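Every value quoted in this text rests on a predicted model; they were computed, and no experiment measured them. Along the sequence shown, the residues carry numbers beginning at 1.
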Amino acid sequence: RGEVQAFIAAHPDFVPAQVEATRAKWLSVAAYMGMALSSKSFFIVFEELEKLDPSYPPAYIYGARTYIYSGYPAGARKQLEKAQALDAANPWVDITWSLMFDRLGHREEALTWARTALPKTVGKTSAMADAILAIAKTQAITDDDAAVALANQIYALEPDMGKLAEVIHA
């Protein structure tokens with residue numbers, strides 16, 4: 001933690017480090033205050049970081065998540081539209097859209113976004129695990145055939161099932 005802070009202090013214009021440090025702080029605060037309350041404190045911070053580097057998609061993705069957890073889907077939508085315009089190939093954009101629609105009770109839209117994310121997760125095991133969980137959460141695995149089809153799709157994308165299992169069980 002001290003090394004990260006020292007790096008940020010030495011490179012104040014390097015927004016990716018600031019965004020990741022802010023994300024870590026947000027999640028740390030959430031562990032004590034709860035996700036909804038901590039998110040209300042952090043969406044402003046992410047918006048300030050977006051101003052420093054408007055071309056860095058993760059700032060918008062994390063900002064969107066803070067809006068989602070705070071109960072402000074309109075703010076999340078704006079953040080996700082910006083993130084998607086910057087990096088439509090980023091699976092976290094689609095996973096976050098899925099999260100927003102799930103929170104709004106729009107299961108079909110949540111499922112569509114989770115399914116859209118899955119092919120983009122090649123080599124990104126954590127994103128793949130989140131996409132799989134979003135698909136499962138929306139009850140898209142209705143029978144054995146659906147489970148086998150999803151398993152085959154996952155295996156085609158990530159043949160190293162040990163690595164995926166490690167992330168899911170972490």
Side-chain angles (χ1 to χ4, degrees), residues 16 18-50 54-142 146-147 149-151 153-154 157-158 163-170:
Q18 291 181 27
V19 168
E20 292 304 323
T22 301
R23 176 185 169 270
K25 182 69 172 175
W26 165 46
L27 295 177
S28 174
V29 170
Y32 296 100
M33 294 176 58
M35 188 58 83
L37 188 56
S38 70
S39 294
K40 288 179 182 179
S41 302
F42 278 87
F43 61 73
I44 294 167
V45 179
F46 283 111
E47 285 184 352
E48 288 301 314
L49 291 169
E50 292 162 11
S55 66
Y56 188 61
Y60 296 101
I61 294 167
Y62 298 142
R65 286 178 170 253
T66 61
Y67 276 111
I68 291 165
Y69 292 126
S70 297
Y72 300 116
R77 185 178 299 273
K78 289 177 186 174
Q79 297 292 308
L80 287 168
E81 287 169 352
K82 291 175 187 175
Q84 192 169 16
L86 289 170
D87 189 3
N90 185 330
W92 289 109
V93 175
D94 299 342
I95 291 166
T96 305
W97 277 110
S98 178
L99 172 66
M100 184 187 79
F101 284 116
D102 181 57
R103 288 288 185 111
L104 292 171
H106 301 269
R107 295 275 191 248
E108 285 302 315
E109 288 174 278
L111 177 59
T112 297
W113 282 104
R115 285 184 171 153
T116 301
L118 191 57
K120 299 176 184 180
T121 64
V122 174
K124 300 171 182 148
T125 311
S126 182
M128 182 177 285
D130 267 30
I132 293 165
L133 293 173
I135 291 168
K137 186 176 180 184
T138 57
Q139 290 113 21
I141 305 173
T142 54
L150 179 59
Q153 184 181 9
I154 294 164
L157 295 170
E158 180 60 69
K163 182 178 175 185
L164 182 60
E166 238 177 74
V167 171
I168 290 173
H169 293 299

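- Taking the six-membered ring where the residue is Trp, Phe43 and Tyr67 present parallel rings, their angle staying beneath 30° rather than reaching 60°.
- Pairing each heavy atom of Pro91 with each of Lys120, the nearest pair is CG-O, 3.6 Å.
- Annotation: the span from Ile44 atom CD1 to Phe42 atom CZ amounts to 11.0 Å, rounded to 0.5 Å.
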Can you list the steps and then say if Tyr69 with Arg103 is a side chain to side chain contact (heavy atoms under 4.5 Å, CB included)?
-> CA-CA 9 Å; Tyr69 292 126; Arg103 288 288 185 111; 3.1 Å; yes
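- Nearest heavy atom pair, residue Ala64 against residue Leu80, reads CB-CG, 3.6 Å.
- For the pair Pro73 and Met100, the tightest heavy-atom approach, listed with the atom from each and the gap, is O-SD, 3.8 Å.
- Put simply, the side chain of Tyr72 does not reach to within 4.5 Å of the side chain of Arg77, judged on heavy atoms.
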Between Arg65 and Ile95, is a side chain to side chain contact (heavy atoms under 4.5 Å, CB included) present by the stated rule, with each step listed?
-> CA-CA 10 Å; Arg65 286 178 170 253; Ile95 291 166; 3.5 Å; yes
Might you work through the side chain to side chain contact (heavy atoms under 4.5 Å, CB included) test for Thr22 and Tyr62, ending with a clear yes or no?
-> CA-CA 9 Å; Thr22 301; Tyr62 298 142; over 6 Å; no
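- Using bins of under 30°, 30° to 60° and over 60° for the plane-to-plane angle, the ring pair Trp26/Phe46 lands in the perpendicular bin.
- The two atoms that bring Ala134 and Ser98 nearest to each other are CB-OG, 3.8 Å, heavy atoms only.
- Counting only heavy atoms from C-beta outward, the side chains of Glu47 and Gln79 approach each other to under 4.5 Å.
- With a 4.5 Å cut-off on side-chain heavy atoms, Tyr56 and Pro16 count as touching.
- With a 4.5 Å cut-off on side-chain heavy atoms, Met35 and Leu27 count as touching.
- Across every non-hydrogen atom of Glu50 and Ala59, the tightest pair is OE2-O, 3.3 Å.
- Here CH2 of Trp97 is found 9.0 Å from CD1 of Ile68. Values are rounded to the nearest 0.5 Å.
- What you find for Leu118 and Thr121 is that their closest heavy atoms are O-OG1, 2.6 Å.
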Show your working on side chain to side chain contact (heavy atoms under 4.5 Å, CB included) between Glu109 and Asp102 and close with a plain yes or no.
-> CA-CA 8 Å; Glu109 288 174 278; Asp102 181 57; over 6 Å; no
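- For the atom pair Ile135 CD1 and Thr112 OG1, the distance stands at 10.5 Å (nearest 0.5 Å).
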